[in-house]
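See structure below.
Just so it is clear, the model here is predicted, and its values are computed rather than measured.
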Amino acid sequence: MNSDCSMLRLLVNGKSAHSPALREVVEATRAKGSRLEVTVTWEAGDAVRLAEQAGKDGVARLIVAGGDGTVNEAVNGLMRLSREDRPALGVLPMGTANDLATGLGIPDDLSEAMNLALNASLRAVDVLNVGDHYFLNMLSAGFGAEITASTPKTLKRLLGGGAYSLMGALKARRFHACPANLEWPEGEGRRELFLLAIGNGAQAGGGQRLSPLAHLDDGLLEVLTVRQFSSLSGMRQMLAELRRLPASGEYVEYWQTDQVRVTADQPLPLTLDGEPHRMTQLNVSLEHHAIDLLAPEACQLLDSAVPKS
């Protein structure tokens with residue numbers, strides 16, 4: 001790959017393409033002498049193709065302007081390339097929840113986020129995969145995925161991440177758990193899954209912190225399971241246990257491993273960085289240090305103290 005840092009490309013979610021603030025940032029970046037090309041998505045899957053093409057074109061830094069779903073597509077495009085051909089990945093947070101960007105500490109201000117993407121050192125991070133699907137932040141299954149999939153887009157635009165909390169409060173008592181067998185190198189067991197989260201990053205669903213020990217570069221994934229409750233007091237205890245993470249309790253379990261297999265009795269509703277899927281069997285593993293990320297030097301999600309040169 002051409003390592004010339006002047007080779008920059010901005011991949012914009014089409015819904016954000018007419019943002020005056022984004023246009024100002026692009027013009028200001030070019031005015032400073034940066035060679036910044038812009039590509040725009042039109043429909044689902046475009047970001048996969050455009051990210052892959054960026055690597056083939058020798059782009060050194062690919063900056064994604066969009067939400068978690070657009071970043072997820074870009075990651076899947078980058079993973080189609082050989083390791084040496086993958087551009088470093090930066091993010092301009094322009095989605096509803098922006099869970100990955102928030103966890104990384106990327107500024108909401110687009111000008112500041114662009115400055116970070118242009119100047120940050122490269123940080124090699126892990127990428128998780130389920131079959132042919134890759135994700136950088138979080139897989140959630142069961143209740144969490146059901147809420148993400150059922151929250152109307154108009155409500156997301158009105159309330160942002162708070163829309164997920166509202167839908168959750170409305171649906172929690174009516175949700176039925178999904179029985180499943182879990183296997184990982186250190187153990188196995190059967191669970192009545194109200195919620196399953198497998199994290200590389202720390203949060204999902206508009207700011208819900210589900211894996212507090214997470215680091216994107218430590219070669220480990222975080223597993224959180226929440227079993228079904230049958231009463232209001234059980235729900236209260238479950239919520240209290242979630243606030244005490246990473247400790248486990250009667251309803252909540254939390255552990256770290258490097259791979260996990262989930263075999264459900266019925267198709268599980270799940271999301272990979274906010275993108276909906278349904279699967280009966282999940283084999284989740286990781287590729288260590290698979291992508292270079294452009295993140296703040298003091299990022300809490302990065303374990304390694306020394307950035308790549």
Is the shortest side-chain heavy-atom distance between Arg30 and Arg35 below 4.5 Å?
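Heavy-atom side-chain distance check fails, nothing below 4.5 Å.
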Side-chain contact test, heavy atoms from C-beta onward, threshold under 4.5 Å: evaluate it for Arg227 versus Leu193 and give yes or no.
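No. Closest side-chain heavy atoms not under 4.5 Å.
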List the steps, then state whether side-chain contact (heavy atoms from CB on, under 4.5 Å) holds for Gln259 with Val284.
CA-CA 6 Å; Gln259 58 184 299; Val284 185; over 6 Å; no
Between [X] and [Y], which heavy-atom pair has the shortest distance, and what is it?
X	Y	answer
Met94	Ser16	CE-CB, 3.6 Å
Gly66	Asn98	O-OD1, 3.8 Å
Ala202	Leu301	CB-CD2, 3.7 Å
Val91	Ile63	N-CG2, 4.5 Å
Trp42	Asp46	N-OD2, 2.7 Å
Asn72	Tyr134	ND2-O, 3.0 Å

Evaluate Leu62 against Arg9 for side-chain contact (heavy atoms from CB on, under 4.5 Å), listing each step before the verdict.
CA-CA 5 Å; Leu62 177 67; Arg9 188 165 294 175; 4.2 Å; yes
State which residues pass side chain to side chain donor-acceptor pair (under 3.5 Å) with [X]; sequence neighbours excluded, sorted by chain then number.
X	result
Asp265	Arg190
Asp126	His288
Asn283	Arg261

Pairs of donor and acceptor atoms involving the side chains of residues 235-242, under 3.5 Å and at least two apart or interchain, shall be tabulated with distances.
from   : atom 1 : to     : atom 2 : distance (Å)
Gln237 : NE2    : Glu241 : OE2    : 3.1
Gln237 : NE2    : Glu250 : OE1    : 3.0
Glu241 : OE1    : Glu250 : N      : 3.4
Glu241 : OE1    : Tyr251 : N      : 2.8
Glu241 : OE1    : Val252 : N      : 2.9
Glu241 : OE2    : Glu250 : N      : 3.0

Sort and list the pairs that fulfil salt bridge (charged side-chain N to carboxylate O under 4.0 Å, His left out) and have at least one residue in residues 199-213, not counting sequence neighbours.
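Found none.
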Residue pairs, two or more places apart or on separate chains, that pass salt bridge (charged side-chain N to carboxylate O under 4.0 Å, His left out) and touch residues 177-188
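Qualifying pairs, neighbours excluded: none.
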Phe135 and Val130: CA distance, side-chain angles, deciding distance, side-chain contact (heavy atoms from CB on, under 4.5 Å) verdict:
CA-CA 8 Å; Phe135 62 103; Val130 181; 3.8 Å; yes
Determine whether Val64 and Leu92 satisfy the following criterion, side-chain contact (heavy atoms from CB on, under 4.5 Å), listing intermediate values before the conclusion.
CA-CA 6 Å; Val64 177; Leu92 301 188; over 6 Å; no
